[in-house]
Amino acid sequence: MIYSVIVDISNSQVDRVFDYISEQEYSVGQRVEVDFAHRVTEGYVVEIKDSTDCPPDKLKPILRAKDDFCAISPQLMQLGKYMQYKYNLRFIDILRLFVPSEMRGDRVKALVKRKATLACDKGSVEDILTTIKANAAKQRAVVEYLNEHGATLVEQLNADFGSAAVKSVLDKGIIVVNQIVMRRRPQVLTVKDSYHVPTLTQQQQLVADTVLSDRHGSYLLHGVTGSGKTEVYMTIIEKVVSQGKTCIMLVPEISLTPNVMRLFRDRFGDRVALLHSGLSKGERYDEWMRLKNGEAVIAIGARSAIFAPLDNIGAIIIDEEHDASYISDFNPRYDTKDVAKYRRQQNDCILLLGSATPGLDTYYQAMQGKLKLLEMPQRINKHPLPEVETVDMALETRRGNKGILSQTLKKRLDEVSANGKQAMLFLNRRGYSSFLMCTKCGYVAKCADCDITLTVHREDNELKCHYCGKRYHMLDTCPECHSQSFRQGKIGTQQIVELLKNLYPDVKVLRMDADTTQTKEGHAKILTAFANHEASILVGTQMIAKGHDFPDVTLVGILDGDQSLYYSNYLAAERTFQLLTQVAGRSGRNNDSGKVVLQTYTPQHYCLQLVARQDYKAFYRREINLREASAFPPFSVIVRILYSGEREKDCIEQLTAHYADIVKLKEQDTSAFLYLDKMRCPLKRAEKKYRFQILMKLTNDCAEQTIHKLFAITDNRTMRDVQVFVEQNPQNLS
Ligand code: ADP
Ligand code: ZN
Ligand code: ZN
């Protein structure tokens with residue numbers, strides 16, 4: 001047979017598929033080793049054929065199979081083709097999404113250990129013991145131990161009784177040793193004893209029943225913060241797996257908290273496999289293998305868990321479906337929800353999207369009847385949503401308070417400490433202050449590789465680029481004018497903590513942001529400490545916004561509500577509404593007296609007013625009308641072609657060539673284009689690369705067809721040193 005094999009070489013810009021021959025049988029999706037350019041190279045079988053154009057003397061054999069199973073199932077191969085069509089990705093980049101990255105190049109293998117048991121044809125223990133000399137006490141002990149405890153790891157027996165004794169009984173045939181595959185499991189604190197499944201509320205039961213009554217449908221669950229969505233998901237999963245099907249449950253990486261993992265482990269035990277970036281190589285490989293082998297039937301993880309190696313899927317659930325992390329904005333670029341819809345179709349199963357603040361686009365689809373809308377407008381135990389007090393910071397300043405904490409917020413913080421409750425303060429700016437500027441000449445410290453001002457980090461006394469992570473020495477004199485006087489920009493989380501410590505010397509404060517959660521356990525440690533009341537105030541960035549359920553938090557302070565409102569992106573209001581509503585939702589979850597203090601310079605902005613009312617539907621109506629009037633998504637498709645390269649001239653040349661073709665295309669298909677222009681990106685340079693873009697707005701009717709023409713244009717006349725990406729409705733337009 002002839003097998004087309006796609007070879008897995010990393011630095012190629014194009015897919016390399018070649019024909020090989022073999023007497024042995026391989027299946028499509030199987031990982032194999034082949035000779036490619038005189039090197040043994042890994043690849044995947046992508047097609048099986050009877051004949052080839054390759055001359056027989058050039059045709060090489062497949063060397064061997066890399067696994068004793070087929071790494072990529074037919075369903076996933078088909079999904080790969082869909083993704084290739086939809087996003088114009090290299091096929092090999094897609095296939096790499098389907099297997100644990102460590103499997104490639106054999107950077108991780110199954111952990112095999114040896115286990116000993118008594119040989120069963122040797123009769124009773126008494127019989128066996130008579131065959132061992134009386135003075136061989138250790139050998140006797142091995143036998144007695146195995147009789148009592150059953151199969152035991154050889155390494156443990158060696159440690160307890162000495163390897164000589166173990167070897168002797170093995171040589172005598174008294175014990176037998178088998179190789180077994182050990183599964184490295186991620187550590188999750190489980191509390192099995194105290195775990196009980198709560199009786200669903202009427203509201204929850206109704207939603208679960210509706211979903212389970214039509215197991216081929218697509219649903220949007222709009223449930224306010226604290227309405228108990230997780231229990232609904234688990235009830236549905238329980239039912240679906242009890243009937244022999246499998247499930248995928250996605251959560252944003254950031255809310256894949258120890259708490260959520262614990263809930264799933266407690267409820268489903270070994271049937272659940274965790275897939276997220278905090279796992280070790282071995283754990284990730286083994287969790288994947290457990291899904292692949294059917295040892296586990298529920299995959300829970302961040303966006304890449306949508307590629308879990310499961311067949312016979314009964315439900316795909318996406319929690320916090322509005323979250324931007326479901327869209328991959330680096331190669332390979334894809335939208336998890338597109339992929340989920342495709343897998344739903346393949347399996348004819350349930351697709352359930354859930355959120356307190358659904359994406360505008362998703363809610364619009366529900367309004368159009370493409371998703372069935374389910375609602376949970378009430379919190380568990382009918383706890384009211386927290387009361388929001390908006391503070392006008394401009395007024396506060398005029399009244400003489402130039403600090404970052406308003407009088408109202410200070411008063412509320414006092415109340416919280418008096419009552420022994422807890423507070424969360426949200427500021428989406430990490431570090432000490434946002435920039436460092438020379439007061440004399442106006443010099444601003446910037447990253448040498450990126451068009452980004454550096455953030456001051458006082459703890460390490462350095463400047464950091466928040467884009468590429470590069471670190472610089474703190475400046476004491478201006479490199480331009482040698483002045484020693486500097487001004488610092490907006491306050492970040494580090495400074496807030498310092499401020500609180502001065503203001504409340506007796507109160508313990510914790511901070512959670514990208515700086516304090518760099519280690520694998522950093523995240524969990526902070527959350528556990530806060531849950532255990534080791535601190536009364538948690539200061540954090542958007543990391544504190546999602547998925548946390550601290551019953552004693554009765555106050556949430558939003559320090560700079562305007563911060564994300566003025567990004568020059570049509571998504572700014574939607575993102576701000578979602579983020580602030582989620583943050584506000586952390587307050588009063590188990591309690592009738594939740595409060596939120598929302599500090600802003602623009603209290604009259606509709607987005608902030610609707611956050612204060614926590615009125616999603618009103619926000620939706622207002623925003624969808626704006627989008628329709630201005631023909632932004634979902635009423636059009638935004639396409640950006642991004643060019644980046646180290647030489648500015650090359651980028652411009654490449655862009656200009658493509659742009660000319662697109663202008664021609666527009667002349668032919670005038671009705672397809674609502675907008676077309678080319679420009680520098682707002683972020684002009686990043687990681688040493690210059691950035692340019694072509695921006696388009698396409699009508700919905702023509703978008704798919706036009707995008708394929710754009711793929712053809714960008715695949716043509718490509719230059720080596722310029723990277724070109726076509727992005728559809730990108731979340732980030734920087
Ligand atoms: P959401 O994800 O909708 O914001 P959660 O799923 O975090 O809400 O649930 C909020 C809280 O309510 C959690 O502490 C959860 O354990 C609890 N809870 C959920 N369902 C029930 C129920 N039926 N009875 C009692 N408590 C519940
Ligand atoms: Zn200066
Ligand atoms: Zn940088």
Side-chain angles (χ1 to χ4, degrees), residues 191 194-208 221-235 249 251-252 255 257 259-260 262-264 266-267 317-321 323 354-358 374-383 385-386 436-455 463-472 475-487 531 545-553 581-591 594 614 683-689 691:
V191 281
S194 63
Y195 182 73
H196 72 282
V197 178
T199 315
L200 293 191
T201 63
Q202 234 180 352
Q203 188 181 252
Q204 288 172 316
Q205 193 66 53
L206 188 64
V207 169
L221 169 56
H222 177 211
V224 297
T225 54
S227 57
K229 293 187 284 294
T230 317
E231 284 299 332
V232 173
Y233 303 147
M234 291 198 291
T235 304
M249 164 92 204
V251 297
S255 59
T257 58
N259 195 28
V260 171
R262 179 161 60 214
L263 271 176
F264 274 79
D266 281 340
R267 176 99 169 229
I317 299 176
I318 306 185
D319 189 27
E320 313 274 13
E321 68 82 30
D323 197 82
S355 176
T357 51
L374 308 165
E375 295 180 308
M376 299 205 296
Q378 238 153 25
R379 282 186 155 185
I380 289 292
N381 295 330
K382 307 228 158 68
H383 291 309
L385 284 166
L436 192 67
M437 182 196 257
C438 168
T439 52
K440 214 159 159 204
C441 75
Y443 165 86
V444 176
K446 278 195 171 188
C447 178
D449 298 341
C450 311
D451 180 39
I452 292 271
T453 54
L454 297 174
T455 303
L463 300 166
K464 279 189 200 168
C465 172
H466 282 188
Y467 191 87
C468 72
K470 212 169 187 168
R471 297 148 69 168
Y472 299 82
L475 293 177
D476 39 30
T477 52
C478 170
E480 302 278 323
C481 75
H482 307 291
S483 144
Q484 293 188 338
S485 135
F486 288 99
R487 184 164 80 76
K546 288 175 195 136
H548 306 302
D549 194 36
F550 298 110
D552 284 333
V553 170
T581 306
Q582 296 283 346
V583 178
R586 300 310 110 200
S587 180
R589 286 165 79 84
N590 199 17
N591 204 293
Q614 295 176 73
L683 175 58
K684 299 185 195 79
R685 195 163 164 259
E687 296 178 90
K688 295 192 176 150
K689 289 185 174 141
R691 294 158 49 88

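Just so you know, ligand 1 is whichever comes first in the structure, and atom 1 is the first atom listed for that ligand. What's counted below: heavy atoms across the whole structure, side chains too, no hydrogens, waters or symmetry copies. Predicted model only: the values in this text are computed from it and were never measured.
Taking NZ of Lys470 as the reference point, atom SG of Cys465 lies at 9.0 Å (rounded to 0.5 Å). One finds the OG1 atom of Thr230 at 6.5 Å from the CG atom of Leu263 (value rounded to the nearest 0.5 Å). With values rounded to the nearest 0.5 angstrom, Gln204 atom CD is found 4.0 Å from Ile380 atom CD1. Atoms NZ and CD1, from Lys684 and Ile452 in turn, are 10.5 Å apart once rounded to the nearest 0.5 Å. Here the straight-line distance linking atom SG of Cys447 with atom NE2 of His466 works out to 11.0 Å at 0.5 Å rounding. Leu683 CG to Lys689 NZ: the interatomic distance, rounded to the nearest 0.5 Å, is 13.0 Å.
Looking at Arg586, its side chain does come within 3.5 Å of a backbone N or O of Ala545 through a donor-acceptor pair. Checking side-chain atoms of His222 against main-chain N and O of Gly354 turns up no donor-acceptor pair under 3.5 Å.
Polar contact check, Gly223 against ligand 1: no nitrogen or oxygen pair lies under 3.5 Å apart. The shortest N/O to N/O separation between Glu231 and ligand 1 does not fall below 3.5 Å. Of the polar atoms of Gly228, at least one N or O is found under 3.5 Å from an N or O of ligand 1, judged by distance alone. Note: no N/O pair closer than 3.5 Å links Thr225 and ligand 1 by distance alone.
With waters neither drawn nor counted, the protein N/O/S atoms under 2.8 Å from the Zn ion (ligand 2) amount to 4.
Residues forming a salt bridge (Lys or Arg N to Asp or Glu O under 4.0 Å) with Lys688 (at least two apart in sequence, or on another chain): none.
The part of Arg589 lying near ligand 1 is the side chain, judged by heavy-atom distances below 4.0 Å. Contacts between Ser227 and ligand 1 below 4.0 angstrom, taking non-hydrogen atoms only, involve backbone and side chain alike.
Near Thr230, with a cut-off below 4.0 Å to any heavy atom, the atoms of ligand 1 are 2 (O), 5 (P), 6 (O). Taking a cut-off of under 4.0 Å to the non-hydrogen atoms of Val224, the atoms of ligand 1 that pass are 3 (O). Atoms of ligand 1 lying under 4.0 Å from at least one heavy atom of Thr199, given by number and element, are 22 (C), 23 (N), 24 (N). Shown in contact with Thr201 at under 4.0 Å from a heavy atom are these atoms of ligand 1, numbered in order with element: 23 (N).
The two residues Gln484 and Thr477 have their closest heavy-atom pair at NE2-CG2, 3.2 Å. Contact record, Tyr443 with Leu475: CE2-CD1, 3.9 Å, taken as the closest heavy-atom pair. What you find for Arg589 and Gly226 is that their closest heavy atoms are NH1-N, 3.4 Å.
With the Zn ion (ligand 3) as the vertex, SG (Cys447) and SG (Cys450) define an angle of 110°, rounded to 10°.
Look at His466 and the Zn ion (ligand 3): no N/O/S atom of the residue is under 2.8 Å from the metal.
Heavy atoms of Asn590 come nearer than 4.0 angstrom to ligand 1 in no pair at all.
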